Structure formats: structure tokens, C-alpha cells
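Below: the structure, in C-alpha cells.
What you see is a predicted model, and the numbers here were worked out from it, not measured in a lab.
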Amino acid sequence: MDRFGINVELKHTPPLDPGFIPLMRFNRAFLAAAKKPVGIAVERADGQMASCQTFIHGTPEMEAADHYYIERLVKTILWMKGGFKIYVSGDAGVFEYLKSVYCAGGQQEFDWDYMADVFEHPFEIVLVDDIPAAKDAPKAIGGHMEGCRIGFDAGGSDRKVSAVIDGETVYSEEVVWFPKTNSDPDYHYDGIVSALKSAAEHMPRVDAVGVSSAGVFINNRTMNASLFLKVPKEIYSEKVKDIYIRAIRDTFGDVPYCVINDGDVSALAGAMSLNDNSVLGIAMGTSEAVGYVDEEGRITGWLNELAFVPVDAQPGAMRDEWSGDIGCGVKYFSQDGVIKLAPRAGIELDESASPAEKLKAVQKLMAEDDPRAAQVYESIGVYLGHTLAYYFDLYGCRHVLLLGRVMSGKGGDLILDTAKKVLADEYPELDGKIVPELPDEKFRRVGQSMAAASLPEITK
């Protein structure tokens, strides 16, 4: 397969998407003949920095390939780690190109605007002689079991809360709510407080509160979250950014608390159940939700929004309606991926049905061993095998826990088996270095809300 004059050869292609070009394989083929050094660094919160040295061709005939490679690299760093300021060294043309796409009206305007909003800082691109060095600030977090704790898990369709005393769950409840369709942030606040009070009634006191929630959080503040999608922008800063902090303090006063992304809590729960670290958790449901616990068992503070990290270099890749970009993980590792592929397999879906209902229809066919449904899940397995090699390149993760409704049932088993085969055949160098697996009963017993309860440290 050829893209911008770069030839990519594969042993495994998805049966329902033969034009798929794994981005990492494109990158490898591109770099094989690229010799001109270029530096890219991205500044994040509190002076943290993602930094990498790479290469381009630097010739007029390879300009399109150079620009594509660098832009996809920058986008990957932005959504993996986050940031608001890009430093470029080594090539003024790359600098000018990035300025032309990451700007108002540019090709990557969505990313430009989103990152500026999340980090509360204008998005900048600067040309420098030497890029800054990498700087991270990972935090040891979670695994604290002592005392009377509350764990709250805020999902898009239900909220869960647990009361945990010295590591034992003494009470838990799950309540249906509708955060994504409510524009009044008091609805969300009241729901959070109600859950906290419900758990508190089953303990003699409250020593700490941990919160797991969909969204981007910096210093416990809700910088962006789909749960508050309908809240007007003009009241978001006042009513939403500190909503969990206010709910905890208003209810319990000055107790230790911690608010982090639900993907990171899933990865933490996985690390707790595996008794090991270096865990990437990937939940394939409404979207692709990801969390990461590093080799030392720490949360990195990165965005880990791999739903918007590009994975496919083919020009005809499916477009994500929210970001407007093509070839990003959300269209491959979520129910959208199943819905995209089903018609290609000859499966007619009810267009009036919800995405969740469409997924269930394909799952039902898979449970009945329908070969068309098997093609859907085999295709996703090929996507996943190639992409896990890329994620390993980015994270160095030893364990990958595959979660979410797309991974349930026979379809999930076929996805996993196919991904393992692709990894073995296409990336033998990773044998034994990365282990993709489904959660076991121990993981389910740990649970999201219990893992959330373990987040804060109680200082004596």
C-alpha cells in the first residue's frame, strides 16, 4: 500500500477494511529513508514537557509526506499527553506548516481550540534552536485501603458509589442518571452529593473520598468532560470545573480527596487485581476510554485520550463527527467501529436504533455464530493487533486490559485471539513484552468505585 510515496507492506489486513494502513507501520517506512533531524516538544501543565527527536526527508518531492508525518506525530502527543505550546527545531518549513494547520480556520482547529480550553492558555507554536528536555511529574496514587472511604464512579448512564472500610466494601449502589442531556449543573451537583451521602450513611465517619469520572482533570478540576456536555459554556467555569471539589467539601468538610479520569482508575483497578504495574486499560464502549499506570504504579497526569490519537493512515479512513478528523481510535475501538463495519459485512442495521442497540444486534448475530458478524470482530481484531504494537511504542506497557461492551461475549474473544495472532506474526519482537487480556473475576471484584475509594492518601 502506498501513501505519499511511502510503501507499507502488511501480512494481515482487516477483511472488511483492506485499505487500512497502520500508522506505526507508515511511520516506520517513512523514517527508513528520513535523515534530516527535527525536534518536537509539547508543553503541558505545571511546566511538564513531552519531547522527542525525529527525522524528515526535507526535500520538495517528499514535502507532503514530511508534513503528514509531523502533523500526525504532534496530534498523537497532544492527545496522549496534552499540551498548549509546541516547540519546533530543525526545520522552518515544518514550523510554518504546523502554524498553518493548528490555528483558527486551520485543518486542526478542533485540537487547537480544545487544548487551549483545557489548559486555560492560548495555543502557541514556536521555532527554537533546541527543544526543551522532557519533564514528567507522575504521582503515586491509589492502593490505600485504611480507614472509612467513599469511592464514586460517574458514568454517562449511571453513577456508582461504594462505602469501603479498611479495604472491605460494606455498601454499594448504582443509580441511573442522565448527565449528558442535562444543561443545569445543579442536577449533576445534587446527584453527586446524593451518592456521597448515601455511602456515608453506612460508615461511622468519612476519612477520604475518591472520584472516578469521564473527562480531563488537572489538579482535581474538571477541565473538560462529556458528562457536562449540555452545560452552557458561560457557566462552565463557575459551576463545573470545581464541581467534585465543592460537592466533597460541602458534604464532609476538609477531608482528603482525589479526582481522576475513569480510564486511569480502570488501569489502577487492573494493577490492583494483577498485583503488577505497567498497565494500559482500554475500554471499548461508547468511545475508546484509556488509562495508564506506569512501571512504578503511578498515574502520569497525561490525557490518555487515545480515542483521538490517529491509528490509520489511509486517506479514506472514517471521519469522527466530534473532532472532524479521520483515522482516529474512536472509529476503530468503540461501538462506532462495529457499526461502521456491519454494513460492509452485509448486516442491515435499523437506522432508527441507538448505537448501543445496533451493537447489541451484531452481538446477537455473533452469539449465533453468524459468519458476517465474525468478519466484523475479526476486522477489529486486526485493527487492534497493529495498534497495540503502536501503543506499546508509545507507552512501553506490559499489560493491556481490554474492557467495555465491545469486548463482551464471543465477539470479544475473537477480537483478542485475532489481535494476538497479528502481534505474533507482524511484531515478533514484542513476544512476551506486551500481554493483552480480558479482565478476570478478581478485577471485577476490585471494581471501579472501590479502586476510586483507594485513591486519596490519609495523612495523620
Side chain to side chain contact (heavy atoms under 4.5 Å, CB included) between Val279 and Tyr292: does it pass, once the steps are laid out? CA-CA 6 Å; Val279 177; Tyr292 175 60; over 6 Å; no
Exceeds 12 heavy-atom contacts within 6.0 angstrom, atom NZ of Lys410: yes
Asp153 and Ser212: side-chain donor and acceptor closer than 3.5 Å? yes
Short side-chain donor-acceptor distance under 3.5 Å, Gln107 and Asp325: no
Verify the neighbour count for atom CG of Asp350: are there more than 12 heavy atoms of other residues, nucleotides or ligands below 6.0 Å? yes
May I ask you to test the Leu402-Val400 pair for a side-chain heavy-atom distance under 4.5 Å? yes
Test item: Ser194 side-chain N/O and Asp190 main-chain N/O as donor-acceptor pair under 3.5 Å: no
Checking side-chain polar atoms at under 3.5 Å, does Tyr189 have a donor or acceptor matched by the opposite partner on Asp250? yes
Would the number of heavy atoms belonging to other residues, nucleotides or ligands and lying under 6.0 Å from CD of Glu368 be above 12? yes
side-chain hydrogen bond (donor to acceptor under 3.5 Å, both in side chains) between Glu71 and Tyr102, worked out: CA-CA 9 Å; Glu71 188 280 309; Tyr102 285 96; 2.9 Å; yes
Determine, stepwise, if the pair Asn304 / Tyr395 fulfils side-chain hydrogen bond (donor to acceptor under 3.5 Å, both in side chains). CA-CA 10 Å; Asn304 298 316; Tyr395 286 89; 2.7 Å; yes
Lys421, Arg25, His12 screened by side-chain hydrogen bond (donor to acceptor under 3.5 Å, both in side chains) with Glu426, the one that passes: Arg25
To the nearest 0.5 Å, what is the distance between CE on Met203 and CD1 on Ile165? 6.5 Å
Quick one: does any side-chain atom of Ser454 pair with a main-chain N or O of Ala451 as donor and acceptor, under 3.5 Å? yes
Rounded to the nearest 0.5 angstrom, the CG-CG distance for Leu349 and Leu359 is 10.0 Å
Tightest non-hydrogen contact, residues Gln48 and Ala137, listed as OE1-N, 3.6 Å
Just checking, is any N or O donor in the side chain of Asp264 or Trp302 under 3.5 Å from an acceptor N or O on the other one? no
Rounded at 0.5 Å granularity, tell me how far CD1 in Ile248 sits from CG in Asn220. 8.0 Å
Gly83 and Phe123 have their tightest heavy-atom pair at O-CE1, 3.9 Å
I want to check something: taking the side chain as every heavy atom from C-beta on, are Val255 and Pro456 in contact at a cut-off of under 4.5 Å? no
Are Met407 and Leu438 packed together at the side-chain level, in the sense that at least one heavy-atom pair is separated by less than 4.5 angstrom? yes
More than 12 non-hydrogen atoms from neighbouring residues, nucleotides or ligands closer than 6.0 Å to NZ on Lys230, yes or no? no
Should Leu384 and Thr418 be marked as a side chain to side chain contact (heavy atoms under 4.5 Å, CB included) after you check the CA-CA gap, both sets of side-chain angles, and the distance that decides it? CA-CA 8 Å; Leu384 184 63; Thr418 304; over 6 Å; no
Looking at every heavy atom in both Ile141 and Leu455, which two are closest together, and how far apart are they? CG1-O, 3.6 Å
Side-chain heavy atoms of Lys197 within contact of Phe252, under 4.5 Å: no
Check the side chains of Tyr332 and Asp312 for a donor-acceptor pair under 3.5 angstrom, ignoring hydrogens and angles. yes
Just wondering, more than 12 heavy atoms not from Asp254 lying within 6.0 Å of its CG? no
What distance separates Met284 CE from Asp336 CG, expressed to the nearest 0.5 Å? 13.5 Å
Between Tyr244 and Thr222, do the side chains contain a donor N or O and an acceptor N or O under 3.5 Å apart? no
Thr169 side chain to Val164 main-chain N or O, any donor-acceptor pair under 3.5 Å? no
4.5 Å side-chain heavy-atom contact, Asp276 and Arg398: yes
Does the Asp184 side chain pair with the main chain of Asp186, one donor and one acceptor, at a distance under 3.5 Å? yes
Looking at Arg246 and Asp242, does any basic side-chain N land under 4.0 Å from a carboxylate oxygen? no
Salt bridge check: are Asp166 and Arg149 linked by an N-O gap of less than 4.0 Å? no
Is the Phe20 ring parallel, tilted or perpendicular to the Tyr383 ring (thresholds 30°, 60°)? perpendicular
Between Asn219 and Arg221 (side chain of the first, backbone of the second, donor and acceptor by atom type, cut-off under 3.5 Å), is there such a pair? no
Among side-chain atoms of Asn182 and His188, is any donor-acceptor pair under 3.5 angstrom? no
Nearest heavy-atom contact between Ile150 and Val206 is CD1-CG2, 3.9 Å
Indicate whether the side chain of Glu305 and that of Asn261 have a donor and an acceptor atom separated by less than 3.5 Å. no
Side chain to side chain contact (heavy atoms under 4.5 Å, CB included) between Asp320 and Ile326: does it pass, once the steps are laid out? CA-CA 6 Å; Asp320 166 46; Ile326 65 169; over 6 Å; no
Are Trp112 and Phe84 close enough that their ring centers fall under 6.0 Å? no
Hey, are the side chains of Arg372 and Arg344 touching, using non-hydrogen atoms and a 4.5 Å cut-off? no
Where the side chain of Glu357 meets the backbone of Ser354, is there a donor-acceptor pair that is under 3.5 Å apart? yes
Would a distance-only check, ignoring hydrogens and angles, find a side-chain to backbone donor-acceptor pair under 3.5 Å from Lys340 to Lys331? yes
Is the backbone of Arg405 close enough, under 3.5 Å, to the side chain of Ser408 for a donor and an acceptor to pair up by distance? yes
Residue pair Ser172, Ser162: steps toward the side-chain hydrogen bond (donor to acceptor under 3.5 Å, both in side chains) verdict: CA-CA 4 Å; Ser172 63; Ser162 294; 4.8 Å; no
Charged N-O contact under 4.0 Å between Arg205 and Asp207: yes
Taking atom CD of Glu234 as the centre, does the number of heavy atoms from other residues, nucleotides or ligands within less than 6.0 Å exceed 12? yes
Do Arg159 and Glu173 sit within salt-bridge range, that is, some charged N less than 4.0 Å from a carboxylate O? no
Answer whether the closest heavy-atom distance between the side chains of Leu388 and Leu423 falls below 4.5 Å. yes
List the atom of Pro310, the atom of Arg72, and the distance in Å for their closest heavy-atom pair. CB-NH1, 3.5 Å
For the residue pair Phe110 and Phe308, categorise the inter-ring angle as parallel (less than 30°), tilted (30 to 60°) or perpendicular (more than 60°). tilted
Between Trp322 and Tyr114, how do the two ring planes meet: parallel, tilted or perpendicular, split at 30° and 60°? perpendicular
Donor-acceptor contact present, side-chain Ser449 to main-chain Lys160, <3.5 Å: no
If every non-hydrogen atom of Ala163 is compared with every non-hydrogen atom of His202, which pair is closest and at what distance? CB-CB, 4.5 Å
Starting from the C-alpha separation in whole Å, work towards a yes-or-no answer on side chain to side chain contact (heavy atoms under 4.5 Å, CB included) for Val74 and Leu98. CA-CA 9 Å; Val74 168; Leu98 290 174; 4.0 Å; yes
